[in-house]
2 protein chains.
Amino acid sequence: MAETPKPEKLTGSAKVYKQLREDILRMDLAPGQALDEVGLAERFSLSRSPIREALVKLAGEGLVQVLPNRSTIVSPINFQDMPRFLDTLDLLQRATHRLAAENRTDAELAEIEAAREAFLEGSRLSIATNNSVPHIERNYDFHMAIARACRNPYLIRFYGQLLDEAKRLGHMRFQFKSQTTNLTPEDLDAQHKQMVEAIARRDGASIENLAHEHANLFRGQFMDYVMANHTQRVAVEY
Amino acid sequence: MAETPKPEKLTGSAKVYKQLREDILRMDLAPGQALDEVGLAERFSLSRSPIREALVKLAGEGLVQVLPNRSTIVSPINFQDMPRFLDTLDLLQRATHRLAAENRTDAELAEIEAAREAFLEGSRLSIATNNSVPHIERNYDFHMAIARACRNPYLIRFYGQLLDEAKRLGHMRFQFKSQTTNLTPEDLDAQHKQMVEAIARRDGASIENLAHEHANLFRGQFMDYVMANHTQRVAVEY
DNA sequence: AGACGACAAAATGTCGACAGTTTTTGTGTT
DNA sequence: AACACAAAAACTGTCGACATTTTGTCGTCT
């Protein structure tokens with residue numbers, strides 16, 4: 001109600017920032033790809049100033065890397081640090097979700113439940129249309145709805161940054177149609193439902209466990225992606 | 001050896017960024033103070049472009065806040081979220097320091113020990129010259145040296161951001177000469193020494209405890225600052 | 001006297017152009 | 001043909017100026 005609908009007049013650089021951010025998170029822009037300022041300026045029909053501003057902002061979040069006097073590139077996905085990434089995701093997911101269960105208001109619980117339902121719907125839509133966006137986006141929304149309820153702006157910010165990166169990984173997995181995972185939307189929703197119930201009971205220990213298992217699930221999905229052999233049907237000797 | 005000494009030719013906006021960052025963290029720029037772009041441009045003898053770029057970068061780190069179409073201001077110190085800040089500092093300090101103990105190399109241990117000695121020296125210098133900078137700066141260096149040894153770039157980044165804010169709080173405390181704390185440099189060094197020993201033993205559980213106590217010490221110092229009555233010698237009836 | 005509205009001043013947002021590097025291209029030599 | 005060096009193209013870093021938005025002031029009207 002007290003929320004502005006959305007169509008607020010955005011400044012040029014803000015539009016570029018928002019668009020590029022979305023493109024990067026959805027892997028529409030490949031990691032490592034060079035982002036030419038003049039090219040982007042033409043694409044958005046703007047001068048280079050707002051483009052630069054957007055790129056600097058994105059660099060602050062680690063989504064792009066500015067190579068001094070060279071082109072800025074979309075941040076590559078760092079496989080070397082992947083174990084550390086997953087560790088940190090686990091830690092902050094446990095922290096945010098536990099605190100959320102312990103500090104939530106009824107209004108926040110309702111929002112979380114709504115986000116859960118939206119995820120189930122989005123996940124089914126993704127299967128039906130073979131488009132990963134709704135599944136991943138609504139999953140992100142669900143966990144961020146929980147994180148917001150923890151009321152710790154620092155944890156929310158850090159966890160959000162990790163989830164952004166997780167989004168990229170999720171889309172990467174789907175791009176290769178690695179449907180090896182036989183988890184249905186209903187399976188994932190069952191986990192989410194358990195989480196919501198734990199939050200409803202204010203059961204911190206329980207949701208910390210669930211968050212840990214959920215993080216491990218993500219870890220496993222990522223492992224599947226790496227281990228999957230996409231060329232096994234191709235005979236080397238023919 | 002493979003490290004460039006330092007006098008690399010810095011770009012204009014990088015110099016502005018570095019200088020402003022230092023000024024903000026040392027509280028030479030007061031929280032809430034407006035940062036006028038044209039004024040800064042004159043001060044640094046540069047155009048507004050590099051100034052803007054520096055401000056956008058600082059905004060990404062949360063050190064300044066850009067109010068759209070209005071002036072950017074130095075981020076105010078948020079007392080409302082202080083408990084959450086201290087909680088998060090505790091959590092990430094425990095995590096980084098424990099992992100550091102478990103994963104450190106001998107070279108990193110040596111660096112940590114060197115940082116401890118530098119802190120003791122700096123802390124004494126601060127008492128002697130009544131200048132908080134060496135004490136706080138070397139304390140920051142000590143804990144960051146430990147954090148770097150944890151080898152988790154995500155935790156290092158997040159913890160570093162929290163320590164930046166802690167730096168501001170430390171300087172704020174000293175600005176009011178709130179010498180109520182009767183902790184000598186030697187007292188603090190004793191705690192640091194225990195930490196180094198625990199890291200040397202690779203004793204994760206022990207250093208997690210020490211890190212927790214150390215964070216609580218900071219919490220207490222901050223409480224002292226808030227509770228201290230700086231006007232008690234002023235009689236209301238005279 | 002207080003409120004509303006137009007005007008003026010100042011700051012931010014954007015633009016096009018120039019300067020300094022880096023990368024690419026092209027040429028000549030070994 | 002391969003390498004070294006030099007010219008050129010392309011891109012980033014910076015600048016000064018213009019456009020737009022906001023803030024502050026003044027005057028008028030009720």
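Protein chains get the first letters and strands the later ones, always in sequence-line order, with residue 1 at the start of each. Here the structure is a predicted model, which is why all the values come from computation and not from measurement.
- Ion pairing between Arg84(B) and Asp87(B) fails under the 4.0 Å rule for side-chain N and carboxylate O.
- Helix bend of the helix from dA1(C)-dT30(D) to dT30(C)-dA1(D): the angle between its two end axes, each built from five pairs, comes to 10° after rounding to 10°.
- Residue pairs meeting the ring pair (Phe, Tyr, Trp, His ring centres under 6.0 Å) criterion with at least one partner in residues 130-149 of chain B, sequence neighbours excluded, are His97(B)-His143(B), Phe119(B)-His135(B), His135(B)-Phe174(B), Phe142(B)-His192(B), His143(B)-His192(B), His143(B)-His214(B).
- Pairs engaging residues 57-87 of chain A under the ring pair (Phe, Tyr, Trp, His ring centres under 6.0 Å) rule: Phe85(A)-Tyr154(B) [sequence neighbours left out].
- Residues passing the salt bridge (Lys or Arg N to Asp or Glu O under 4.0 Å) test with Arg157(B), sequence neighbours excluded: none.
- Per the geometry, CG belonging to Leu10(B) stands 13 Å off P belonging to dG13(D), to the nearest Å.
- The CD1-C1' distance, from Ile51(A) to dT12(D), rounds to 14 Å in whole Å.
- Sorted by first and then second residue, the salt bridge (Lys or Arg N to Asp or Glu O under 4.0 Å) pairs involving residues 57-72 of chain B (not counting sequence neighbours) are Arg21(B)-Glu61(B).
- Checked against salt bridge (Lys or Arg N to Asp or Glu O under 4.0 Å), Arg148(A) has no partners two or more places apart in sequence or in another chain.
- Of the residues in residues 55-64 of chain A, not one comes within less than 4.0 Å of DNA chain D through any heavy atom.
- Applying the salt bridge (Lys or Arg N to Asp or Glu O under 4.0 Å) test to Arg116(B) and every residue at least two apart in sequence or in another chain returns Glu113(B), Asp189(B).
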Restricting to nitrogen or oxygen on both sides, can you table the protein-nucleotides 5-12 of chain C pairs closer than 3.5 Å?
from, atom 1, to, atom 2, distance (Å)
dT12(C), OP2, Asp36(B), OD1, 3.3

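- Under the side-chain contact (heavy atoms from CB on, under 4.5 Å) criterion, Ala114(B) pairs with no residue at all, not counting sequence neighbours.
- Residues forming a side chain to side chain donor-acceptor pair (under 3.5 Å) with Thr105(B) (at least two apart in sequence, or on another chain): Glu108(B).
- Side-chain contact check for Ile146(A) versus Thr96(A): every heavy-atom pair is 4.5 Å or farther apart.
- Contacts between residues 39-47 of chain A and DNA chain D, defined by a heavy-atom separation below 4.0 Å, involve no residue at all.
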